[in-house]
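Here the structure is a predicted model, which means the values were calculated and not measured. For this chain, numbers begin at 1 and follow the sequence in order.
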Amino acid sequence: MAHTPSTTAPAHPLAGISPDVLTVTNLIRTGRAVTRQTIAEATGMGRNTVSVLINDAVDAGLLTPNGSAPSTGGRAPATWRFRAEAGLALAVGVHTTTLRLAVADLSGATLVSEVVDWPIARGPEATLAEAAARLRVLLARAEKDWPAHGRVRVAGISLTGPVDRHSGRPIAPPIMPGWDGFDVVGTAQALLGVPVVVDNDVNVMLAGFLAAAAERQDMSEDLLYVQVGTGIGAGLLASGRIHHGADGAAGDIGHVRVTTSDQVICRCGRTGCLEAVAGGWAVLRAARRAANDGVSPFLRGRLEQAGELSIEDVIAGVAAGDTECLTLTVRSATAVGDALAMLVSLLNPARVVLAGPMPQACPIFLEVAQRIVKERALDLATRNLKISVTSEGFEDERRGAAVLAVSALFDGARR
């Protein structure tokens with residue numbers, strides 16, 4: 001039965017600030033408009049009204065002057081920036097064997113962080129209580145080192161499983177025993193005392209990647225962000241918006257059936273899932289078998305030395321020229337590339353970004369995935385497609401948890 005906390009939701013941190021002030025502030029926060037003229041064009045408000053709203057936002061501590069934009073004739077227009085230091089955001093990443101915690105400013109920039117060994121099988125109540133206790137310690141460090149930053153405003157939580165977009169509850173997560181239907185939002189709000197936003201880990205990573213891309217002025221309106229880790233998932237950006245689907249299941253490609261692998265059993269209990277062929281846990285299952293059977297002397301040596309194998313061992317084997325490690329990597333990349341070919345043909349993104357240890361550390365993974373997509377996707381959909389690898393998946397997650405939470409804060413306050 002789903003757990004239902006008895007506490008009420010915390011007061012909204014932006015309560016009392018007018019919706020119009022928040023609209024103007026959010027335009028500046030997201031970089032969509034930073035001058036009176038561009039704000040007026042984006043909102044349809046008069047420039048005098050915009051000036052009043054900007055002044056109110058400055059008085060509320062949300063905005064500050066930021067110099068001038070280039071002149072187009074006449075005096076250069078004044079610009080403003082969002083005061084990311086006006087508050088703090090807490091970020092929690094719940095993974096299979098670890099908790100990834102951070103305190104960030106309101107732009108998502110990490111101030112302090114910690115990675116804790118923690119098995120997800122301990123359940124939601126113990127996990128969230130542990131996260132809250134450790135966040136309090138991190139927060140004390142952040143407040144000491146950055147005393148000028150404001151109070152905690154919001155928290156974002158990333159979960160390694162499907163999340164109902166309306167309630168923030170996990171929905172039948174295959175590797176999260178005890179989490180199905182659990183009220184993560186209500187429980188975390190009771191522990192942390194601030195509004196909480198929950199989403200699937202790859203959507204969170206995508207949000208963090210987009211925030212960094214916006215700073216670099218390297219944005220795409222249509223993009224796939226694919227995490228190849230212990231499991232496999234995709235974040236979908238369509239026309240500039242993260243696409244969740246009707247119930248939050250969009251992008252859960254790890255449990256799409258791979259027709260050539262009907263007999264491979266997945267952790268979810270079904271057979272033939274992409275994750276059961278290409279996910280990190282499946283690669284390690286095959287690696288242990290290769291080590292025990294003597295097929296890979298390299299992996300056998302690593303197993304005898306450490307008593308267990310990791311994805312890093314497989315990656316090291318690829319670098320050392322071990323044939324079996326190379327085979328396992330190519331098999332994973334081929335399956336991922338095949339799934340991507342279908343998605344690329346269906347969604348026609350401008351970019352595909354791969355994250356995870358194998359894509360990051362094994363150039364052949366990217367090469368194989370690119371080749372498979374080129375061969376099997378529609379020609380028109382691949383004509384201008386760019387496929388690349390990011391090395392900042394976990395930083396994307398930390399940043400994204402904070403950014404999604406802050407965005408929800410503004411969206412909720414304007415309703």
Yes or no on side-chain contact (heavy atoms from CB on, under 4.5 Å) for Val92 and Leu128, after CA distance, side-chain angles and deciding distance? CA-CA 9 Å; Val92 179; Leu128 295 174; 5.5 Å; no
Ignoring hydrogens and angles, tell me if any N or O in the side chain of Gln227 forms a donor-acceptor pair with the backbone of Gly393 under 3.5 Å. no
Do the non-hydrogen side-chain atoms of Leu223 and Phe209 ever get within less than 4.5 Å of each other? yes
If you look at every heavy atom in Ala89 and Ala402, which pair is closest and at what distance? CB-CB, 3.8 Å
Contact between Arg32 and Thr38 at the side-chain level, heavy atoms closer than 4.5 Å - yes or no? no
Once you round to the nearest 0.5 Å, how far does NE2 of His243 lie from CG of Leu224? 11.5 Å
Under 3.5 Å, is there a donor-acceptor pair between the side chain of Ser296 and the main chain of Ala291? no
Beyond-backbone contact of Phe394 with Val115, side-chain heavy atoms, under 4.5 angstrom: no
Apply side-chain contact (heavy atoms from CB on, under 4.5 Å) to Leu139 and Arg136, showing your working. CA-CA 5 Å; Leu139 185 58; Arg136 283 190 280 271; 5.5 Å; no
Please answer whether the main-chain N or O of Leu63 pairs with a side-chain N or O of Arg81 as donor and acceptor at a distance below 3.5 Å. no
What are the two closest heavy atoms between Gly168 and Val184, and how far apart are they? O-CB, 4.1 Å
Would Arg169 and Val198 satisfy side-chain contact (heavy atoms from CB on, under 4.5 Å), going step by step from the backbone distance to the final call? CA-CA 8 Å; Arg169 295 173 185 254; Val198 179; over 6 Å; no
CG of Leu53 to OG1 of Thr25: how many Å apart, nearest 0.5 Å? 8.5 Å
Between Arg257 (side chain) and Thr271 (backbone), is there a donor-acceptor pair under 3.5 Å? yes
From Leu192 CG over to Thr187 OG1, what is the distance, rounded to the nearest 0.5 angstrom? 10.5 Å
Does any non-hydrogen side-chain atom of Met358 lie less than 4.5 Å from one of Thr329? yes
Under 4.5 Å between any side-chain heavy atoms of Asp396 and Tyr225, yes or no? yes
Please name the pair of heavy atoms, one in Glu312 and one in Pro357, separated by the smallest distance, quoted to 0.1 Å. OE2-CB, 4.3 Å
CA sep, side-chain torsions, deciding dist, call: Ile171, Asp247, side-chain contact (heavy atoms from CB on, under 4.5 Å): CA-CA 9 Å; Ile171 302 299; Asp247 299 304; over 6 Å; no
Mark yes or no for whether Asp313, through its side chain, and Ser310, through its backbone, hold a donor-acceptor pair below 3.5 Å. yes
Roughly how far, to the nearest 0.5 Å, is the CD1 atom of Ile372 from the CG atom of Asp338? 7.0 Å
Tested for side chain to side chain contact (heavy atoms under 4.5 Å, CB included) against Thr160, the lone hit among Asn200, Ile175, Thr230 is Ile175
Looking at every heavy atom in both Ala341 and Arg376, which two are closest together, and how far apart are they? CB-CB, 3.8 Å
For Leu106, is there any backbone N or O sitting under 3.5 Å from a side-chain donor or acceptor partner on Arg29? no
Check whether any side-chain N or O of Trp179 sits under 3.5 Å from a backbone N or O of Ile120 as a donor-acceptor pair, and report yes or no. yes
Rounded at 0.5 Å granularity, tell me how far CD in Glu324 sits from CZ in Arg331. 6.5 Å
Are the side chains of Ile311 and Leu284 in contact, using a 4.5 Å heavy-atom criterion? yes
In Å and rounded to the nearest 0.5 Å, what is the OG to CD distance from Ser332 to Glu275? 11.0 Å
Are side-chain heavy atoms of Val314 and Leu309 found at a separation under 4.5 Å? no
Taking atom CG of Asn66 as the centre, does the number of heavy atoms from other residues, nucleotides or ligands within less than 6.0 Å exceed 12? yes
When you compare the side chain of Trp146 with that of Glu85, does any pair of heavy atoms fall below 4.5 Å? no
Between the side chain of Arg399 and the main-chain N/O of Gly208, is any donor-acceptor distance below 3.5 Å? yes
Does a donor on one side chain and an acceptor on the other come within less than 3.5 Å for Arg398 and Ser158? no
Test your reading of the model: is there a side-chain donor-acceptor pair from Thr390 to the backbone of Ala355, 3.5 Å cut-off? no
Tell me whether Ser391 contacts the main-chain N or O of Gln360 through its side chain, where contact means a donor paired with an acceptor under 3.5 Å. no
Restricting to non-hydrogen atoms, name the atom on Asp180 and the atom on Pro170 that form the minimum distance, rounded to 0.1 Å. OD1-O, 3.5 Å
Once salt bridge (Lys or Arg N to Asp or Glu O under 4.0 Å) is applied, do any residues pair with Glu114, and if so which ones, sequence neighbours excluded? Arg134
Please check if the number of heavy atoms outside Asp59 that lie under 6.0 Å from its CG is greater than 12. yes
Under a 3.5 Å cutoff, is there a donor and acceptor pairing between the side chains of Ser107 and Asp105? yes
Could you tell me which non-hydrogen atom of Leu274 sits nearest to which non-hydrogen atom of Ala339, and how far apart they are? CD2-CB, 3.8 Å
